Amino acid sequence: MQVIVAEHCGFCRGVKNAVDTALSVSAENTYVLGELIHNQDVVKLISARGIRTAERVEEVPDGATLLIRSHGVGKDVYELCEKRHLRVIDCTCGFVKNIQQIVERKSAEGKTIVIAGQTEHPEVRGLVGWCDSESYVFSSEEEDFGFLKEKEVALVSQTTFSAERFSKIAENLKKVCRKTVEIFRTICYTTIGRQRDAAQLARICDAVLVIGGLNSSNTNKLYEIAAANCPRVYRLKNADDFEYEKILIFKRVGVIAGASTPDWQTQEVLFKMAVNDAEVQATTMKDVVEEMGKEERYKKGQIISAKIVSATEEGIYVSASGKLEIMVSKDEVDCEEYSKDAYLAKVGEEIEVMVTGLNPVKLSQKMVKKVKEEEAMLSDIEAGAEFTVTCTGFNKGGLTAELGTYPVFVPAKEIRSGYVKELDKYTGKKLRLKLIEIRKERRKEIIASQRVILEEEKQAKEAAKAEKEEAFFASVQVGDVVEGKVERVTSFGAFVSVNGFDCLAHISDLSWTGVKQVTDVLEIGKRYEFKVLKVDKESKKVSIGYKQLQAQPWDLAAEKYAQGDVVHGKVVRIVPFGAFVELEKGIDGLVHVSQISHEWLENPTSVLSIGQEVDAKILAFSPEEKKITLSIKALEQKPETVNVKTESDRPVKARKARRSSSAASDEDEYREWNEGGYGGASIAEMLHLDEEEK
């Protein structure tokens, strides 16, 4: 009897890590949340160390150590552990962690999460625990997906789910859903390898033994696949279930072990077979496949194992059958620098080569390395990794490219958001992509999307901006003094970055004296302090002022001017009762008509004009009221003979005309000016000065 052991057999990396941890960690006050793995013999072994099993976190005493199994848990478990001050040893499988992250991210985007798996499986329950939006679990492609037709769906799978069944569920979802269906092929690559081995082994064997815990999901999947390809498949939880009588008539028996099956259980079954039949010959599946390959004709793309038989300057000669010798060109040998002598020393060694041509047969060792690297890369891509390609062309439906030996196709709708009209512009450009699916009708073709990456980044950017704005508006209040950098200016003001948020400093709030251009006050790129004037959270607008932190001209006037000072200024406005003289930006003084000249004036314009510069003496100064009264004639020598006229000296018609041209008397006009904030001395004081001059 020939016994063939599957190549992928026994603990996967995640399970091995969990078991090794449980067997090495201190057992004192240590608990496992649920069965560590679905194998009763291993569970008993761990329990014998003193490590107890808890079905719920609440059963674990505060401060104890809790070991989380490879299946993973929902995020609420971590929160509860932190609240209970439990020391967590997280043995969650890396593949499961990746799915949890996908589910959490897509759920946050509002997608409906669909999980292909068994509802009650702990891994699936854990995945559901990372969903904040709707989530549904399907174990069969025959279930009703109709209620999802108007939803945006993200599809993931249990790591140990059937690859074939997952593909069918994905196809059914795409047929039913009218909106986007994002597909993440999250079946563990070792699971895919085991399922492939199970199908292949079952096809070449007369009977198959499947070893592993009866409640192990991945082992049960292997049993289903084997049973679909071989009529005689036996399920064993361990060597105690093995009955040699059932298989003694078969010539070739296959042995498959699940990911939660320790090697020693498989070895016990093999030992029991050997005890019952001394002629049992155990061999690996790899050896059998190689032997079968030697019997069959070569096929292009086939990887075979061959023995080095000689070497020349042109390359090495290998033999896969023991008879036919085929040369592998030195350009196709996997080495940094080819050396005939180096390979003569390796005669008898076995290497893997790929059939790259027929009639005559051509072999390549480099292609084997390339294909394995690409398979590893493809595994990462299937797990959701981003990859980059250069667009090589386009067709009616989208863009084409290549990733190693795999063709890549990006549908037009997956290039970016919105309609893309000119596809030819993308030729030669780099594309950042994520996998949608792998089509395997003829040659593996990668269907990918750049749009999902761009939209994810856009959403992340918008979320970060919204979070930043939220924090900004929570901290800023009217009246606050903030520091900001002038980013850009316009005709109406400056946009200033305050903690990363654009605020507007209107041109009217830059200077008390007014400015024509923003750059007269602020310089682009420099930082200044501003006062918050208005905060509108609804419209996301903040108004700030620069002048509000600067002293007003009148605030400093007391330091510059005093009664009796002689000042220089420019006439900026003339009214019937006098002229306003600008001493500096923002500070004007009034020269009453009676203080312009020792001669009586009917109108100030007869002596003064707009823009004329004059010297004057301060007669009265009130900075609190923002008033300065000036006199020009006080600086002029009084003539010996003064032509003094009064209102009564004017002709009656002139007096009437003056009264009819104004609604107020001199007293009324002066009072109006005084109340307007421009005066200092009263009319009585002015008349008193006139009397003295007379």
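What you are looking at is a predicted structure, and each value in this text was computed from that prediction instead of being measured.
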- [ ] Let me see the working for Ser364 and Thr356 under side-chain hydrogen bond (donor to acceptor under 3.5 Å, both in side chains), right down to the final yes or no.
- [x] CA-CA 7 Å; Ser364 172; Thr356 58; 5.7 Å; no
- [ ] Output the distance between atom OG (Ser310) and atom CD1 (Ile316), rounded to the nearest 0.5 Å.
- [x] 9.0 Å
Open item on the list: If the threshold is 4.0 Å, N to carboxylate O, is there a salt bridge linking Glu422 and Lys425?
Closed with: yes
Task: Test item: Gln450 side-chain N/O and Arg432 main-chain N/O as donor-acceptor pair under 3.5 Å - done: yes
- [ ] Answer whether the closest heavy-atom distance between the side chains of Thr180 and Arg451 falls below 4.5 Å.
- [x] yes
Open item on the list: One thing to verify: whether Glu332 and Lys366 come together as a salt bridge, which I'm taking to mean a side-chain N less than 4.0 angstrom from a carboxylate O.
Closed with: no
Task: Spacing of Phe387 atom CZ and Leu435 atom CG [to the nearest 0.5 Å] - done: 6.5 Å
Task: Polar side-chain atom of Asp334 near backbone of Gln365 as donor-acceptor pair, under 3.5 Å - done: no
Task: Residue pair Phe501 / Val542, side-chain heavy-atom distance below 4.5 Å - done: yes
Open item on the list: Under a 4.0 Å threshold between the charged nitrogen and the carboxylate oxygen, would Glu457 count as salt-bridged to Lys461?
Closed with: no
TODO: Give a yes or no on whether a salt bridge exists between Glu349 and Lys307, defined as a side-chain N under 4.0 angstrom from a carboxylate O.
DONE: no
TODO: Taking the side chain as every heavy atom from C-beta outward, state whether Pro122 and Arg125 have any pair of such atoms under 4.5 Å apart.
DONE: yes
- [ ] Indicate yes or no: at least one non-hydrogen side-chain atom of Thr119 is less than 4.5 angstrom from one of Val124.
- [x] no
Open item on the list: Centre-to-centre under 6.0 Å for Phe145 and Tyr136, is that the case here?
Closed with: no
Open item on the list: Checking the side chain of Trp130 only, and the main-chain atoms of Arg105 only, is there a donor and an acceptor separated by less than 3.5 Å?
Closed with: no
Open item on the list: Side chains of Thr219 and Val210, heavy atoms from C-beta outward: is any pair under 4.5 Å?
Closed with: yes
- [ ] Tell me, with the steps shown, if Lys330 and Glu337 meet salt bridge (Lys or Arg N to Asp or Glu O under 4.0 Å).
- [x] CA-CA 9 Å; Lys330 63 181 180 181; Glu337 185 175 351; over 6 Å; no
TODO: Would you confirm whether Ser475, through its side chain, and Ala471, through its main-chain N or O, come within 3.5 Å as a donor-acceptor pair?
DONE: yes
TODO: State plainly whether the residues Glu109 and Lys106 are in salt-bridge range, i.e. N to O under 4.0 Å.
DONE: yes
- [ ] Verify, without hydrogens or angle tests, whether Asn229 (side chain) and Ala202 (backbone) share a donor-acceptor contact under 3.5 angstrom.
- [x] no
Open item on the list: Using modelled atom types and a 3.5 Å cut-off, is there a donor and acceptor pairing between side-chain atoms of Glu143 and backbone atoms of Ser139?
Closed with: yes
- [ ] Without swapping roles, check the side chain of Thr390 against the backbone of Gly428 for a donor-acceptor pair under 3.5 Å.
- [x] no
- [ ] Check the pair Ser217 / Gln158 against side-chain hydrogen bond (donor to acceptor under 3.5 Å, both in side chains), numbers first and verdict last.
- [x] CA-CA 10 Å; Ser217 174; Gln158 180 182 329; 3.2 Å; yes
- [ ] Give a yes or no on whether the backbone of Arg13 and the side-chain of Asn17 come within a donor-acceptor separation of less than 3.5 Å.
- [x] no
Open item on the list: Any carboxylate oxygen within less than 4.0 angstrom of a Lys/Arg side-chain nitrogen, looking at Glu523 and Lys526?
Closed with: yes
Open item on the list: Could you check, using the six-membered ring where one of them is a Trp, whether Phe166 and Phe161 have ring centers closer than 6.0 angstrom?
Closed with: no
TODO: Decide, yes or no, whether a salt bridge links Glu352 with Lys372 under the criterion of side-chain N to carboxylate O below 4.0 Å.
DONE: yes
- [ ] Flag the pair Cys503 / Phe472 as yes when at least one side-chain heavy-atom distance between them is below 4.5 Å, and no otherwise.
- [x] yes
Task: Name of the residue among Val410, Leu403, Leu399, Ile446 meeting side-chain contact (heavy atoms from CB on, under 4.5 Å) with Val389 - done: Leu403
Open item on the list: Keeping Lys340 on the side-chain end and Gly315 on the backbone end, is there a donor-acceptor pair under 3.5 Å?
Closed with: no
- [ ] Answer yes or no: is there a side-chain heavy-atom contact under 4.5 Å between Val96 and Glu123?
- [x] yes
- [ ] Identify whether the distance between the nearest side-chain nitrogen and carboxylate oxygen of Lys97 and Asp90 falls below 4.0 Å.
- [x] yes
Task: Lys75/Asp132 under salt bridge (Lys or Arg N to Asp or Glu O under 4.0 Å): CA gap, chis, key distance, verdict - done: CA-CA 11 Å; Lys75 59 182 175 182; Asp132 293 324; 3.2 Å; yes
- [ ] For this output row, return yes or no: ring centroids of Phe394 and Tyr426 closer than 6.0 angstrom.
- [x] no
Task: Quiz item: cation-pi between Lys346 and Tyr343, 6.0 Å / 45° - done: yes
Open item on the list: Check whether Thr159 reaches the backbone of Ile187 with its side chain - one donor and one acceptor, N or O, closer than 3.5 Å.
Closed with: no
- [ ] Taking only Lys NZ, Arg NE, NH1 and NH2, and the carboxylate oxygens of Asp or Glu, determine whether Lys174 and Glu437 approach each other closer than 4.0 Å.
- [x] yes
